[in-house]
Chemist: 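So that we are looking at the same thing, I have put the structure below in structure tokens.
Within every chain, numbering begins at 1; the chains are lettered A, B, ... in the order of the sequence lines, protein sequences first and strands thereafter. Just so we're clear, the structure is a prediction, and the values are computed from it rather than from any experiment.
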There are 2 protein chains.
Amino acid sequence: MKARLIGVGRATLAQEARAEIERMITEGELKAGEKLNELDLSIVMGVSRGTVREAIRSLAGSGLVDLIANRGAFVHETTLAEVQNLYELRGAIFAMACGAAARRFAAGEERGLAEALSRNIEKMDAARETDDQSTYYALNIEFHDLLMAAADNPKAKAVYDNIKREMHLFRRKGLSLASNIARSLDEHRVIADAVTAGDEAAARDAANEHIRRGFDRYMTIAARDRQTG
Amino acid sequence: MKARLIGVGRATLAQEARAEIERMITEGELKAGEKLNELDLSIVMGVSRGTVREAIRSLAGSGLVDLIANRGAFVHETTLAEVQNLYELRGAIFAMACGAAARRFAAGEERGLAEALSRNIEKMDAARETDDQSTYYALNIEFHDLLMAAADNPKAKAVYDNIKREMHLFRRKGLSLASNIARSLDEHRVIADAVTAGDEAAARDAANEHIRRGFDRYMTIAARDRQTG
DNA sequence: CATATGTTGATTGTTGACAAAATAAACCGG
DNA sequence: CCGGTTTATTTTGTCAACAATCAACATATG
């Protein structure tokens, strides 16, 4: 038998509404700090207010919007201090995940991991040579996801994904992506080596350092952008 | 089923409904895996189904209930593997927070912290001598909250609180609290010393170790309970 | 007897209407 | 013109009814 699965990912209207509002936010149609009007959104999307309301509540759970009782929902405004907090939290979780991945790899519970990591690194090396930013971006996410998956900690992954979403949201604010392919690639190699050596502590430290340096790169670019306008 | 009638407070009804359902879950009136019937709950609490629905969605955001589209909401069943995941995630966040607290203390941004920590430790020492479990429990939470607050990372604190809630939920399942006042107190002293010495790395390591040992204590008790009961 | 197919009651998803609160506008004395 | 008060209007919070979906049972079919 062969038939396409229907309605995948769109189980309920509220979920679709959530996805659509999230898109509007991440693509900048709804700017940071802007108020979300339930009625307007319901009309634009062609669903009832209750459905929109449910979607908004769901977004609030992921930290993308802030709710104030009796006053409404507002697109979350991410401050610089909060970006630092997010980086630090992300680093802590990613470091833990890399440590767990190293432990699991050493126990033989993550067979394909070594190949997957080295393949990713090879491809990123190619992207570095051609300076292919968009490919690098995708591979970078893949690298982190590989390790988060290898940690086998769904809860941590869920939190990590939320953080990623919120940080992505801040990028909209105008700052360019803090990327330095060569440096990042070197750090990835150190992490991958530690993990595939089964060295839990080294993996943790390398991962922590990677995120910390990512934040430094980000701050450097942020400072430069602010200066040049 | 029995639930307090709500609706006299000042917050929104949905918020009160959420608090009430959360209470029912944490106090075991609603058991793990049990289905939450919107209509029944709405009748028992004297509010409309929509309000109950909103409350349930909110609880899902905190991981206390699982939602399945078109089928309903179920009290989250925490498995042993998940408890391990939660402990590990909690450890990572708490370690990060202690590191941040050490850094902030060294920078003179957390003046009252040293006194607050030593006061807490003194009181816990007294609780140890009288073997006062409930006081110990409260002081233990206070100790962790002091450091989470000193980290000045609201996002991390929010995630931490959610984890705490979910772990507390699992305790309901029958296992006694994994507490060894003397050991825990020693570990607290190490953490406090590292933080007030401004040693970020030492604080991180001590905190991580503290949570890890907490998990070991938990596992020991869990194994014993499974054997005898 | 086992499996597939209809049928029914219960439960969730969605909607539009009403009530309460907050914001905007009109008013008014100085 | 201004600051404060009062009145409209808008917006959110809550509710009850309708539609879609599901779980369980009953029935048919080979």
Side-chain angles (χ1 to χ4, degrees), chain A residues 1-22 24-25 29-31 33-61 64-77, chain B residues 1 3-22 24-25 29-61 64-77:
Chain A
M1 188 197 307
K2 129 176 103 165
R4 256 214 334 270
L5 219 54
I6 59 172
V8 284
R10 49 186 68 172
T12 69
L13 271 181
Q15 285 173 341
E16 281 197 69
R18 188 210 137 111
E20 176 63 6
I21 298 174
E22 184 172 343
M24 288 194 224
I25 294 175
E29 276 172 51
L30 291 166
K31 295 170 202 159
E34 192 172 343
K35 188 171 194 294
L36 301 181
N37 187 305
E38 294 179 355
L39 188 57
D40 291 352
L41 284 170
S42 74
I43 293 170
V44 171
M45 307 204 306
V47 297
S48 90
R49 239 191 74 219
T51 301
V52 167
R53 186 179 171 83
E54 191 169 315
I56 290 176
R57 298 321 230 226
S58 168
L59 287 169
L64 264 66
V65 307
D66 300 318
L67 298 179
I68 304 178
N70 288 317
R71 294 197 41 197
F74 303 81
V75 179
H76 180 72
E77 287 194 88
Chain B
M1 191 189 311
R4 261 199 346 263
L5 215 59
I6 63 176
V8 280
R10 265 165 289 299
T12 65
L13 276 179
Q15 285 172 326
E16 287 197 61
R18 188 209 137 109
E20 176 62 4
I21 297 174
E22 184 173 344
M24 289 195 229
I25 293 175
E29 277 173 50
L30 291 167
K31 295 171 202 158
E34 192 171 343
K35 187 171 195 293
L36 301 181
N37 187 303
E38 295 180 356
L39 187 58
D40 290 351
L41 285 170
S42 74
I43 293 171
V44 173
M45 304 202 296
V47 297
S48 90
R49 237 192 76 218
T51 301
V52 167
R53 187 180 170 83
E54 193 169 315
I56 290 176
R57 296 318 225 232
S58 167
L59 287 170
L64 263 68
V65 308
D66 300 319
L67 297 179
I68 303 177
N70 288 316
R71 296 195 38 196
F74 303 81
V75 179
H76 180 71
E77 287 193 89

Chemist: Grab the N/O contacts between the protein and nucleotides 6-8 of chain C below 3.5 Å, and write none if there aren't any.
Modeler:
none

Chemist: For DNA chain C, please output the secondary structure as dot-bracket, reading 5' to 3'. Pairs are Watson-Crick or G-U wobble, both atom distances under 3.5 Å; mark crossing pairs with [ ], other-strand partners with |, unpaired with a dot.
Modeler: ||||||||||||||||||||||||||||||
Chemist: Are the side chains of B:L59 and B:H76 in contact, using a 4.5 Å heavy-atom criterion?
Modeler: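 SC-SC contact between B:H76 and B:L59 ruled out.
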Chemist: Shortest non-hydrogen contact from A:E34 to A:E29?
Modeler: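 Looking at all heavy atoms of both residues, the shortest contact is OE1-O, 4.1 Å.
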Chemist: Is there side-chain contact between A:M24 and A:L41, with at least one heavy-atom pair below 4.5 Å?
Modeler: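 A side-chain contact under 4.5 Å exists here.
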Chemist: Using a 4.0 Å cut-off to any heavy atom of chain A, which nucleotides of DNA chain D are the first and last in contact, reading 5' to 3'?
Modeler: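 The contact span of chain A on DNA chain D goes from D:dT11 to D:dT14.
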Chemist: Locate the shortest heavy-atom distance separating A:I21 from A:A55; write the atom from each residue and the value.
Modeler: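 Of all heavy-atom pairs spanning A:I21 and A:A55, the closest is CD1-CB, 4.1 Å.
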Chemist: Could you work out, with side chain to side chain donor-acceptor pair (under 3.5 Å) as the rule, every residue matching A:N37, not counting sequence neighbours?
Modeler: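 With neighbours one apart ignored, the set is empty.
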Chemist: Looking at B:K31, I'd like to know if its NZ atom is crowded, meaning that more than 12 non-hydrogen atoms belonging to other residues, nucleotides or ligands lie closer than 6.0 Å.
Modeler: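 Incorrect, the count does not exceed 12.
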Chemist: Classify every nucleotide of nucleotides 10-21 of chain C by which part a protein heavy atom approaches to under 4.0 Å, writing B for the base, S for the sugar-phosphate alone and - for neither, in 5'-to-3' order.
Modeler: -SBBBB-----S
Chemist: Under the side chain to side chain donor-acceptor pair (under 3.5 Å) test, which residues partner A:R57, sequence neighbours left out?
Modeler: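 Listed in chain order: B:E54.
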Chemist: Could you tell me which residues satisfy side chain to side chain donor-acceptor pair (under 3.5 Å) with A:S42, sequence neighbours excluded, listed by chain and number?
Modeler: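 Side chain to side chain donor-acceptor pair (under 3.5 Å) check on A:S42 returns nothing, list empty.
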Chemist: Could you list the residues that satisfy side-chain contact (heavy atoms from CB on, under 4.5 Å) with A:A69, not counting sequence neighbours?
Modeler: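 Checked A:A69 against side-chain contact (heavy atoms from CB on, under 4.5 Å); matches are B:T12.
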Chemist: According to side chain to side chain donor-acceptor pair (under 3.5 Å), who are the partners of A:E22, at least two apart in sequence or on a separate chain?
Modeler: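 So A:E22 forms a side chain to side chain donor-acceptor pair (under 3.5 Å) with A:R18.
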Chemist: Taking the side chain as C-beta and beyond, is there a heavy-atom pair between A:L67 and A:I56 under 4.5 Å?
Modeler: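 A side-chain contact under 4.5 Å exists here.
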Chemist: Run the salt bridge (charged side-chain N to carboxylate O under 4.0 Å, His left out) test against A:E20 and tell me which residues pass, sequence neighbours left out.
Modeler: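 Partners of A:E20 under the salt bridge (charged side-chain N to carboxylate O under 4.0 Å, His left out) test: A:R23.
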